[in-house]
2 protein chains.
Amino acid sequence: MTTETLDRKHPARGRPRTFDLELALDGALAVFSERGYQAASISDLTEAMNLTSGSVYKAFKDKRGVFLAAFERYRAVRLAVLQGRLDGVGSGREKVRQLLSFYADSSHGLSGKRGCLVVSSANDLALFDEEAANQIRAASAINEKRILDLLHLGQADGSISSSVDPESLARTLFCLTQGMRIAGKTGRGQEEMAAVVDRAMQLVT
Amino acid sequence: MTTETLDRKHPARGRPRTFDLELALDGALAVFSERGYQAASISDLTEAMNLTSGSVYKAFKDKRGVFLAAFERYRAVRLAVLQGRLDGVGSGREKVRQLLSFYADSSHGLSGKRGCLVVSSANDLALFDEEAANQIRAASAINEKRILDLLHLGQADGSISSSVDPESLARTLFCLTQGMRIAGKTGRGQEEMAAVVDRAMQLVT
DNA sequence: CTAATTAGGAAATGATCGTTTCCAAATCAA
DNA sequence: TTGATTTGGAAACGATCATTTCCTAATTAG
């Protein structure tokens, strides 16, 4: 999936890379999240990545390559954190609440204003070529599917009634998470978002 | 609220304007909605507005001026359509459903991919100066407040229970509408969005 | 009429954009 | 060693960006 240029774990030949690739991507994804693809200039990126533009282009080919690598990095990091929280609770219903709380916690204060790279990329979908757009759409679909899987789990373990339609509920909760991220851009408090989670959990019966 | 340059209804002196201001703004807001503020170039805008850049700068001062005028135009047009739908139904609860359906109808197909100017502007909030950002935040707040008012109306006319907390429910439904607009960017069907509305209405008891 | 004023529009402006080029430095293979 | 290869980084590139300038056209005021 990643390009040949990126994953040289053991650089057999040539001068070795002196910067941390993932650390650089963390800087890049912060810029992309906050400003969007187009408004994130190479200058913005090189500054946040602590690299010169030459090194950036050597490592990622072009701006699109930086974005796609940062996008994957973002998803991996976020998924790891979420997975840790899901593992901490038992029932399917509790996992659903944990997932919603995960989004709520990300949607307030400074992290709320920084935003979600998947949401902002979906918002900017028209700016990308078909291949990149497909990756963004796929990431959204996976996030929605994850909610659906938790609902199925809850119905299997009895924590969620089998009478509710999992698909439409998953879609509804997914929309809610995306909306929390947008609302978070305008500056929200922890309690405001927590109350949204409590309210939404009334749908998960 | 609008600047002196714009609302010259009766141009006392000088050559009269030969283009329709609101028609031009309709073109501009379509570009801003679909591409976002930064990615909407003056070339994109002049093409969509059927104007030369000179005329654009005469009428709106700068790109920021075009955006702010288009933003207000968008809100006015959308509010008019929404108000028409709200007037068509009776109870507060039915008005809430109508509002959610209004967003759902806008979030599928082509209009879904075009997106909402308020949502995309909130997403790009970091790109604007403080004054413009405040206008965007205010627009979001008004949209949330509108839902709250409908909930209060429903509680007054008995169509919504007085035991539910209107503030947190309004915030939840607001997040849902914003999220529907984001989900709509990735391409959704009418039925998918309609099901989300049905599901959300279970919260409005 | 003339003067003042404003719109329309082409062309030019300086800044910034993403990207490439070029060269020195650092590594491995031989 | 020597050659091949890759990185680091400064500088340059053409394209495009938002904006201004300048001139003509169209209108009102007097």
Side-chain angles (χ1 to χ4, degrees), chain A residues 2-25 27-28 31-32 35-71 124 127-129 132, chain B residues 2-25 27-28 31-32 35-71 124 127-129 132:
Chain A
T2 47
T3 67
E4 177 206 325
T5 337
L6 277 86
D7 45 19
R8 295 198 315 117
K9 306 290 181 194
H10 299 293
R13 295 177 293 274
R15 178 174 172 175
R17 182 172 291 148
T18 57
F19 67 91
D20 186 307
L21 219 160
E22 299 189 331
L23 212 65
L25 287 178
V31 173
F32 279 124
R35 302 183 57 80
Y37 182 76
Q38 182 89 2
S41 72
I42 299 291
S43 305
D44 295 332
L45 292 169
T46 53
E47 184 182 3
M49 299 167 87
N50 275 315
L51 295 176
T52 63
S53 63
S55 299
V56 168
Y57 276 82
K58 284 262 170 55
F60 302 103
K61 172 141 182 104
D62 54 16
K63 182 179 174 179
R64 179 182 180 275
V66 180
F67 171 80
L68 290 178
F71 189 74
D124 289 347
L127 304 181
F128 295 94
D129 58 284
Chain B
T2 46
T3 66
E4 178 205 325
T5 338
L6 277 85
D7 46 19
R8 295 200 314 118
K9 307 291 181 192
H10 300 293
R13 297 177 292 274
R15 179 173 170 174
R17 181 174 291 148
T18 57
F19 68 90
D20 186 307
L21 219 161
E22 299 189 330
L23 212 65
L25 286 178
V31 173
F32 279 124
R35 301 183 57 79
Y37 182 77
Q38 182 90 2
S41 71
I42 298 293
S43 304
D44 294 333
L45 292 169
T46 53
E47 185 182 2
M49 300 168 87
N50 274 316
L51 294 176
T52 62
S53 64
S55 298
V56 168
Y57 276 82
K58 283 264 171 56
F60 302 102
K61 172 144 182 101
D62 55 15
K63 182 178 173 179
R64 179 181 180 275
V66 179
F67 171 81
L68 290 177
F71 189 75
D124 290 346
L127 305 181
F128 295 94
D129 58 285

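Throughout, a chain's letter reflects where its sequence line sits, starting with A, and its residues are numbered from 1.
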- request: Among the candidates D:dG8, C:dG8, D:dT19, find the nucleotide nearest to the side-chain atoms of B:R15.
  value: C:dG8
query: Can you check the B:R35 CZ to D:dC17 C1' distance for me, whole Å?
result: 13 Å
message: As a test of reading the structure: which of C:dG9, D:dA18, C:dG18 is closest to the side chain of B:Y57, going by heavy atoms?
response: D:dA18
A:A70: partners by side-chain contact (heavy atoms from CB on, under 4.5 Å), with sequence neighbours left out: A:L25, A:A28, A:L29, A:F32
- request: Let me know the distance between CZ of B:R64 and P of D:dT19, rounded to the nearest Å.
  value: 11 Å
message: Please enumerate all residues that pass side-chain contact (heavy atoms from CB on, under 4.5 Å) together with B:A39, with sequence neighbours excluded.
response: A:Q38, A:L127, B:R35
- request: Starting at atom NZ of B:K61, determine the distance to atom P of C:dA7, rounded to an integer number of angstrom.
  value: 14 Å
- request: Name the residue closer to the 5' end of DNA chain D, choosing between A:Q38 and A:S55 according to the nucleotide with the nearest heavy atom.
  value: A:S55
field: Side-chain donor/acceptor of B:K63 to backbone N/O of B:L45, under 3.5 Å
entry: no
message: In whole Å, I'd like the distance from the NZ atom of A:K58 to the C1' atom of D:dA10.
response: 12 Å
query: Residues from residues 39-52 of chain B sitting under 4.0 Å of DNA chain D, heavy atoms only?
result: B:A40, B:S41, B:I42, B:S43
- request: Could you check which of D:dT19, C:dG18, D:dG9 has an atom nearest any side-chain atom of A:K63?
  value: C:dG18
- line: Sorted by chain and number, sequence neighbours left out, side-chain hydrogen bond (donor to acceptor under 3.5 Å, both in side chains) with B:S53 holds for none
- request: Would you kindly give the CG-to-C1' distance between A:D62 and D:dC13, to the nearest whole Å?
  value: 17 Å
- line: Assert: residue with more 5' nearest nucleotide on DNA chain C, out of B:F19 and B:S53, is B:F19
query: Sequence neighbours excluded, which residues qualify as ring-ring contact (aromatic ring centres under 6.0 Å, His included) partners of A:F71?
result: A:F67
message: Tell me the interatomic distance from A:R13, atom CZ, to C:dC28, atom C1', rounded to whole angstroms.
response: 9 Å
- prompt: Out of curiosity, B:L23 CG to B:L51 CG, how far, rounded to the nearest 0.5 Å?
  reply: 9.5 Å
- prompt: Under 4.0 Å between a side-chain N/O of A:R17 and OP1 or OP2 of D:dT7, yes or no?
  reply: yes
task: Please collect all salt bridge (Lys or Arg N to Asp or Glu O under 4.0 Å) contacts where either partner lies in residues 47-57 of chain B, sequence neighbours excluded, each pair once.
output: none
